[in-house]
Amino acid sequence: MIFAWLLVILTATSPVKGKYHSGSHKIDVPTTITETHLHFFLHDTLSGDNPSAVLVAKPNRTAAQENNNILPFGALFAFDDPLTEGPGPNSKVIGNARGLYASISRGADLTLMFNGDLEFTSGEFNGSSIVVVCRDPLVLVKEMAVVGGRGKFKMAKGFVLNKGVYFNATNGDAILEWHVTVFHP
C-alpha cells in the first residue's frame, strides 16, 4: 500500500518537460503548381426578412455608433452569403461564403477583419473551397489574401482582387465582384 501511495505522489509531482517544437524535416513537394483563376460575385445582405449576414455582437457604446454608423468599431457579424456567376439577383448560385467579419477601425476609414471559407457547390470545383483571412478596408477595389483551402484547393495560396459593384450605405447591403488567383498542388 505504501508503494502504491509513493507511486501516486511521485507521478503526480513529477516535472513535465514539454516543448512547443518537436522537430522539422524536409519533404518532397509537387514540382507542378496549378494556377487557377476564379470570377464570381458575393451578395452580402444585412436587410430584409432573410439577411445573409447578421450582427452577433456589438460594443456597448462608441462614438461611431452615436453617428448612426452601420459598422461601429467592435461590431461582429456572421455571414452565409451566396456566390453567383453574375451580379444580378437571379444569377446562378455556384457556392456560398461563410464566416465572420468584424469592424476593426476606430476612425473614419471603415475597415473590417474578414475571415471566410468560400465553398463552391457546383461545377469543376464542387466541394472545394478557398479560405480568405485579411484586413478588408471598405474601398472600391482591394486586395485580400487566400491563405488555404479544401478539396482541389488544399494548401492553396493566392490573392483576391475584390471590387464593390453595389453598396447601400443606409442598410449595408453589398454585391462584390471577386477575381481570385489561386496557386495549389
Side-chain angles (χ1 to χ4, degrees), residues 38-84 87 89 91 93-122 125-184:
L38 305 168
H39 177 245
F40 52 86
F41 294 82
L42 181 146
H43 299 253
D44 190 49
T45 306
L46 293 156
S47 67
D49 293 334
N50 190 23
S52 63
V54 295
L55 179 68
V56 294
K58 66 179 182 176
N60 288 334
R61 182 177 163 207
T62 67
Q65 207 170 17
E66 293 168 0
N67 295 330
N68 295 321
N69 186 340
I70 58 172
L71 294 170
F73 174 65
L76 177 68
F77 292 82
F79 63 91
D80 182 359
D81 295 337
L83 304 177
T84 63
S91 184
V93 174
I94 59 164
N96 56 64
R98 293 179 176 160
L100 300 169
Y101 56 80
S103 179
I104 60 171
S105 175
R106 292 183 292 155
D109 60 325
L110 292 178
T111 304
L112 301 175
M113 182 64 200
F114 182 93
N115 176 4
D117 182 278
L118 286 69
E119 181 176 36
F120 301 97
T121 56
S122 66
F125 301 110
N126 185 15
S128 298
S129 73
I130 58 171
V131 177
V132 177
V133 178
C134 196
R135 183 179 185 159
D136 180 5
L138 296 183
V139 295
L140 185 58
V141 178
K142 60 194 149 221
E143 185 175 307
M144 300 171 77
V146 175
V147 299
R150 295 182 287 115
K152 291 185 178 180
F153 296 126
K154 191 178 297 175
M155 297 180 62
K157 300 289 182 226
F159 62 93
V160 175
L161 291 177
N162 192 325
K163 178 182 174 187
V165 295
Y166 170 79
F167 179 68
N168 183 320
T170 303
N171 63 22
D173 291 355
I175 299 173
L176 305 170
E177 182 175 17
W178 289 56
H179 290 274
V180 183
T181 301
V182 183
F183 302 97
H184 55 99

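Only heavy atoms go into these numbers, but all of them, side chains included; no hydrogens, no water, no symmetry mates. Keep in mind the model is a prediction, meaning the values are calculated, not measured.
In this structure, Asn171 and Leu46 have side chains that are not in contact, with every pair of non-hydrogen atoms separated by 4.5 Å or more. Residues Lys163 and His179 are not in side-chain contact: their nearest non-hydrogen atoms beyond the backbone lie 4.5 Å or more apart. Taking the side chain as every heavy atom from C-beta outward, Leu38 and Phe153 approach each other to under 4.5 Å.
Under a 3.5 Å cut-off, the side chain of His184 and the backbone N or O of Lys152 do form a donor-acceptor pair. Ser105 places no side-chain N or O within donor-acceptor distance of the main-chain N or O of Thr111, the cut-off being under 3.5 Å. Side-chain atoms of Asp173 come within 3.5 Å of backbone N or O of Ser47 as a donor-acceptor pair.
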Q: Could you walk me through whether Phe40 and Val180 pass the side-chain contact (heavy atoms from CB on, under 4.5 Å) test, one step at a time?
A: CA-CA 9 Å; Phe40 52 86; Val180 183; 3.9 Å; yes
**Q.** From CA spacing to verdict: ring-ring contact (aromatic ring centres under 6.0 Å, His included), Phe41, Tyr166
**A.** CA-CA 11 Å; Phe41 294 82; Tyr166 170 79; over 10 Å; no
Q.
As a quick check of understanding, evaluate side-chain contact (heavy atoms from CB on, under 4.5 Å) for Phe77 and Asp44, giving each step before the final call.
A. CA-CA 11 Å; Phe77 292 82; Asp44 190 49; over 6 Å; no
Q.
For Asp80 and Arg98: C-alpha separation, side-chain torsions, deciding distance, then whether salt bridge (charged side-chain N to carboxylate O under 4.0 Å, His left out) applies.
A. CA-CA 4 Å; Asp80 182 359; Arg98 293 179 176 160; 3.0 Å; yes
Enumerate, atom names and distances included, each donor-acceptor pair closer than 3.5 Å involving a side-chain atom of residues 138-149, sequence neighbours excluded.
from   : atom 1 : to     : atom 2 : distance (Å)
Lys142 : NZ     : Asp136 : OD1    : 3.0
Lys142 : NZ     : Pro137 : O      : 3.4

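Every residue two or more places apart in sequence or in another chain was checked for a salt bridge (Lys or Arg N to Asp or Glu O under 4.0 Å) with Glu177, and none qualifies.
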